[in-house]
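Encoded as structure tokens, the structure appears first; notes follow it.
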There are 2 protein chains.
Amino acid sequence: MSDCAGMNDVRKYHHGDLKRALIQAGIEILRTEGLDRLSLRACAERAGVSHTAPKNHFGNLTGLLTAIAAEGQKQLCAAMQPNQGASRDDRRQAAFEGYVAFARANPAMFELMFSRRLVDFSDPVLAAPLGASAAILRDVSGGMIWDKSDAPDADKRAEMFNWCLVHGFATLALQGVFDKDGMRDIGIADILPGFAFRDPAAAE
Amino acid sequence: MSDCAGMNDVRKYHHGDLKRALIQAGIEILRTEGLDRLSLRACAERAGVSHTAPKNHFGNLTGLLTAIAAEGQKQLCAAMQPNQGASRDDRRQAAFEGYVAFARANPAMFELMFSRRLVDFSDPVLAAPLGASAAILRDVSGGMIWDKSDAPDADKRAEMFNWCLVHGFATLALQGVFDKDGMRDIGIADILPGFAFRDPAAAE
DNA sequence: CGATGTAAATTTACACTGTAAATATAGAGC
DNA sequence: GCTCTATATTTACAGTGTAAATTTACATCG
């Protein structure tokens, strides 16, 4: 009878940590049943409360889904972390592989995280994790040398380039678009161009 | 004698071209009200039939949405078409710009088209338009020279590369991820690397 | 300590969704 | 003219999110 958040199992009228329990319930539903089965009522039932209880903590469905997505963004960010002391090339590799691996391992969560219809991207709870992921991409994109390196916004462009490439790969691969013609075995590392960096010494 | 959507308004028991009318209704709802408002019942009402009439033609909601998405894929494919006699560079430019422009002009449709939860990608009605878009990408990617040009699947990788890049850009831009730091003004052409082609003469 | 105020959870109700089953209609083919 | 069949309707049902009114438990204060 683990239920709720596992910590202190005193079943009382006031749950105590319902907010966290509902988010956790949503994460588990995503993992075990998929995005289609993720509903307000399902989260509430799994947390052992009435189906209107979430309203007090999240306002409406979008609020709950956004909170769940924020947790997912944190996990995605963690999945992109490189080993300590990795070079910039290795960091970039780690970020890309981690991004795609996370999407593959958590398809329902990934789909929720980037679904504008379900998530309110202007919600402050998303700012920190989204910013952290952007920071990683910025780190591994800075100083990249290509034919647009002389443009004023070169670093921004490089960041966007990498983000588009990895997100497009993850999204399309998840939808099975590459499940044909032997494209299935081609990974993100196989299509990622090996750009040089301006200052190889700084790639430490 | 298509009539169906307003031409010849003979309201009879058997609609005559309900299948097409329902798809058209869905497209209009996507354009005017958004993906959230796209429902079986809404399509049926707009077509002037009972809410269970679509079942005869599409089976279930997924069938209708997939048919609508297939129409969208056709439109996307048309949006990627270059001018006659354009060089390969121009064709690539046209494909990329067209892809992104279509997503921006039809955000609801674009979201539907690539939503695995709403669309059945194994439905045969999607095969032709999806294949046509893939063919365009393949065309503008063939013979691309980069540091992976010696790999056995170089052409496949190049196609995937371009697809990921443009789809990632369209998806992320649509979700407003780039609405910050002056990234909003950076277009797909600004981040697309200018790869060379193996045989410049063949780029006609 | 007891009263009160408030946050949190419940009950109830409602409009909306997709789907299924049974029924009604119109047109085609013989 | 008859039947057969595709098409559309009616009716019903389980599920969804949301709102309003109600109940509960806890904290705060006199």
Side-chain angles (χ1 to χ4, degrees), chain A residues 3-5 8-26 29-30 33-69 108 112 115 117-120 123, chain B residues 1-5 8-26 29-30 33-69 108 112 115 117-120 123:
Chain A
D3 84 79
C4 76
N8 234 346
D9 185 21
V10 266
R11 183 159 326 200
K12 34 186 183 173
Y13 191 93
H14 289 87
H15 185 286
D17 203 2
L18 182 54
K19 194 164 187 173
R20 223 167 281 279
L22 286 169
I23 294 175
Q24 193 57 34
I29 290 173
L30 282 178
E33 306 182 47
L35 183 50
D36 293 314
R37 307 298 294 273
L38 179 61
S39 69
L40 248 175
R41 291 167 112 105
C43 288
E45 185 180 19
R46 186 176 273 257
V49 295
S50 76
H51 69 277
T52 53
K55 186 172 191 178
N56 296 309
H57 298 278
F58 298 102
N60 55 16
L61 174 65
T62 302
L64 174 55
L65 296 188
T66 301
I68 295 171
L112 167 67
S115 173
R117 283 171 54 241
L118 303 176
V119 168
D120 177 14
D123 193 311
Chain B
M1 49 188 63
S2 63
D3 85 87
C4 79
N8 231 345
D9 189 19
V10 265
R11 188 154 323 199
K12 35 186 184 175
Y13 192 93
H14 289 87
H15 185 286
D17 202 3
L18 182 53
K19 194 165 187 174
R20 222 167 280 279
L22 286 169
I23 295 175
Q24 194 56 34
I29 289 173
L30 282 178
E33 306 182 47
L35 183 50
D36 293 315
R37 307 298 295 273
L38 179 61
S39 69
L40 249 174
R41 290 166 113 105
C43 289
E45 186 181 18
R46 185 177 273 258
V49 295
S50 75
H51 69 278
T52 53
K55 186 172 192 178
N56 297 309
H57 298 277
F58 300 101
N60 54 17
L61 174 64
T62 302
L64 174 54
L65 296 187
T66 301
I68 295 171
L112 168 66
S115 174
R117 284 171 52 241
L118 304 177
V119 168
D120 177 13
D123 193 310

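Letters A, B, ... mirror the listed sequences (proteins, then strands); counts begin at 1. Keep in mind that the numbers below use all heavy atoms, side chains included, and drop hydrogens, waters and symmetry copies.
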Could you state the [atom1]-[atom2] distance from [X] to [N], rounded to the nearest angstrom?
| X | N | atom1 | atom2 | value |
| --- | --- | --- | --- | --- |
| A:L18 | D:dA25 | CG | P | 16 Å |
| A:K19 | C:dA7 | NZ | C1' | 14 Å |
| A:L65 | D:dG17 | CG | C1' | 11 Å |
| A:F58 | D:dG17 | CZ | C1' | 16 Å |
| A:R37 | D:dG15 | CZ | P | 10 Å |
| B:K55 | C:dA21 | NZ | P | 7 Å |
| B:L61 | D:dG15 | CG | C1' | 14 Å |
| B:I29 | C:dT17 | CD1 | P | 10 Å |

Exercise. Of all heavy-atom pairs between A:F58 and A:I23, which one has the smallest distance, and what is that distance?
Worked result: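 It is CZ-CG1, 3.9 Å.
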Look at the side chain of [X] and the base of [N], then say whether one donor and one acceptor between them are separated by less than 3.5 Å.
| X | N | answer |
| --- | --- | --- |
| A:H51 | C:dT11 | no |
| A:T52 | D:dT18 | no |
| B:N56 | D:dA8 | yes |
| A:R41 | D:dG17 | yes |

Exercise. If we only count heavy atoms from C-beta on, is the A:L38 to A:E33 side-chain gap below 4.5 Å?
Worked result: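 No, side chains not in contact.
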Exercise. With a 4.5 Å limit on heavy-atom distance, are the side chains of B:H51 and B:L40 in contact?
Worked result: no
Problem set entry | Distance in Å, B:L30 CG paired with B:C43 SG, rounded so as to fall on 0.5 Å steps | 8.0 Å
Problem set entry | Candidate nucleotides C:dT19, C:dT17, D:dT18, ranked by approach to the side chain of B:S39 - the nearest |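 The listed nucleotide nearest to B:S39's side chain is C:dT17.
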